[in-house]
Amino acid sequence: MEVPFLDLKRFDATLKADLMQAFQEMLDSGLYSGGKQLTCFEDWMKEQVGAAHVIPLGNGTDALELALRALGVQSGDEVIVPALTWVSTAEAVTLLGATPIFADTDEDGLISDTWTEHISSKTRVVIPVHLYGKMVEMDRLCQKADTLGLKVVEDAAQSFGAVQKGKPSGSWGDVGAFSFYPTKNLGALGEGGACVTDHPECADIIRLFSNHGQMKRDEHLIQGRNARMDSIQAGFLLILARYFEDFQTRRKELAQRYLDELGSIAELKLPESILRDDHNAHLFVVRCVQRDELRRYLSKNGIGTAVHYPQLIPDMKAFSQKGDFQTSRKLTQTILSLPLNPYLKDSEQEFVIEKIRKYFKH
Ligand SMILES: *Cc1c(COP(=O)(O)O)cnc(C)c1O
């Protein structure tokens with residue numbers, strides 16, 4: 001048996017038919033930029049995230065960059081980001097000429113409470129990343145940031161749908177950034193992203209900047225660029241949005257199964273909090289000392305896995321920054337993401353579980 005880590009060819013027939021129909025309608029309308037798909041998607045997002053303003057954008061990296069820009073981050077400023085994250089979190093900072101200052105994470109890969117030790121007179125913003133779909137304790141982080149006079153940009157690229165204390169991820173920070181990259185829980189058929197915020201001034205800057213500085217055609221109020229979402233992607237996202245709840249239910253079901261069936265393997269640390277509301281079960285990340293060997297064994301048995309991520313950003317040549325980052329560095333050596341997606345079949349998960357148990361002679 002071959003079990004892919006994620007196979008996006010597996011959309012079921014009704015989803016495919018719905019997407020085809022939406023595409024047909026968009027073709028017939030001849031509208032490929034702006035228009036009702038975008039405003040409908042905006043309205044849907046507002047409801048989901050409970051934010052006053054939603055600005056659909058071309059991708060999640062743009063969303064992070066524009067969020068920082070709207071909060072006034074510029075050359076010479078410092079922004080605190082976790083050492084373990086997708087590279088975008090740091091890229092967004094350097095794109096503005098500012099400096100990312102890396103902080104260690106806890107055992108779950110979330111920014112450690114020690115992030116405050118990295119504050120200097122140049123610090124403007126902290127970016128908590130809800131890695132793997134698990135939310136950072138936002139009450140605590142936002143309160144700390146507020147006391148220290150810092151702004152919060154929430155990297156909610158992996159956590160769409162997660163809710164903490166009744167408040168959705170992305171709605172806690174001054175600005176929240178989402179990605180709709182195809183592999184995310186809500187993924188477009190291409191690139192997509194969005195900023196959400198309750199601050200009207202931030203919303204205005206992001207909207208203006210992403211549209212050549214114009215609110216109305218040919219009235220350029222600020223210097224900007226083009227960072228808009230494609231109408232077609234907004235149209236596809238509106239279809240995928242209808243499947244989102246069912247997909248989430250399936251993810252949680254699969255996660256529960258992994259917890260039940262792998263829980264007794266002492267060598268394996270499981271993501272125990274994955275069933276909670278403040279985790280959207282984006283990735284099922286286990287930890288074990290023999291990670292590389294286990295991964296090779298599973299691969300030999302036809303099972304696809306992934307490592308999110310094998311290298312800390314400060315260890316990358318492009319970003320190189322000195323520091324211990326003890327906990328997050330250890331994670332890069334021990335984490336392994338098992339297949340967990342709405343397209344995974346029961347029989348495939350059983351096979352994955354069987355092989356893992358066999359590996360550990362369980
Ligand atoms: C996916 C992702 C992004 C943004 O990704 P894009 O590919 O630009 O949409 C940002 N941060 C994290 C943590 C991500 O996983």
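Ligands are counted one by one from 1 in listed order, and the atoms in each one are counted from 1 as well. These numbers were taken from a predicted model, which means no experiment stands behind them.
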Exercise. Start with the C-alpha distance between D113 and R140, add both sets of side-chain angles, then the distance that settles salt bridge (Lys or Arg N to Asp or Glu O under 4.0 Å), and finish with yes or no.
Key: CA-CA 9 Å; D113 284 335; R140 199 162 68 223; 3.1 Å; yes

Quiz prompt | is_close_aromatic(F244, F160), centroid dist under 6.0 Å | solution = yes

Quiz item: Would you call L131 and P82 a side-chain contact if the rule is heavy atoms closer than 4.5 Å?
Solution: no

Quiz prompt | For atom 7 (O) of ligand 1, closest protein heavy-atom neighbour | solution = Y181 CD1, 3.9 Å

Practice problem: Could you tell me which atoms of ligand 1, counted from 1 in the order shown, lie closer than 4.0 angstrom to a heavy atom of Q158? | Solution: 13 (C), 14 (C), 15 (O)

Quiz item: F209 ring centre to R225 NZ or CZ under 6.0 Å, with the angle to the axis within 45°?
Solution: no

Quiz item: Looking only at N/O atoms, are L131 and ligand 1 under 3.5 Å apart anywhere?
Solution: no

Quiz item: Between K184 and ligand 1, is there a nitrogen or oxygen pair with a distance under 3.5 Å?
Solution: yes

Self-check item: Polar atom proximity, E191 to ligand 1 (N or O, under 3.5 Å)
Solution: no

Quiz item: Which residue supplies the protein heavy atom nearest to atom 5 (O) of ligand 1, what is that atom called, and how far is it?
Solution: S179 OG, 3.6 Å

Quiz item: Using 30° and 60° as the class limits, which term best fits the ring planes of F102 and F325: parallel, tilted or perpendicular?
Solution: perpendicular

Quiz item: With a 3.5 Å cut-off and no angle check, do the side chains of Q164 and D278 form a donor-acceptor pair?
Solution: yes

Quiz item: What part of T85 sits under 4.0 Å from ligand 1 if we count only heavy atoms: the side chain, the backbone, both or neither?
Solution: side chain

Exercise. Under 4.0 Å from a heavy atom of A157: give me the atoms of ligand 1 that qualify, with their elements.
Key: 2 (C), 3 (C), 10 (C), 11 (N), 12 (C), 14 (C)

Self-check item: Centroid-centroid under 6.0 Å between F180 and F41 rings
Solution: yes

Quiz item: What about T61: any of its N or O atoms under 3.5 Å from an N or O on ligand 1?
Solution: yes

Quiz item: Do D174 and H199 have a side chain donor and acceptor closer than 3.5 Å?
Solution: yes

Practice problem: For V129, take its heavy atoms, then give the atoms of ligand 1 lying under 4.0 Å from any of them. | Solution: 13 (C)

Quiz prompt | Nearest-neighbour protein heavy atom for atom 11 (N) of ligand 1, which is reported as residue plus atom name and distance | solution = D155 OD2, 2.9 Å

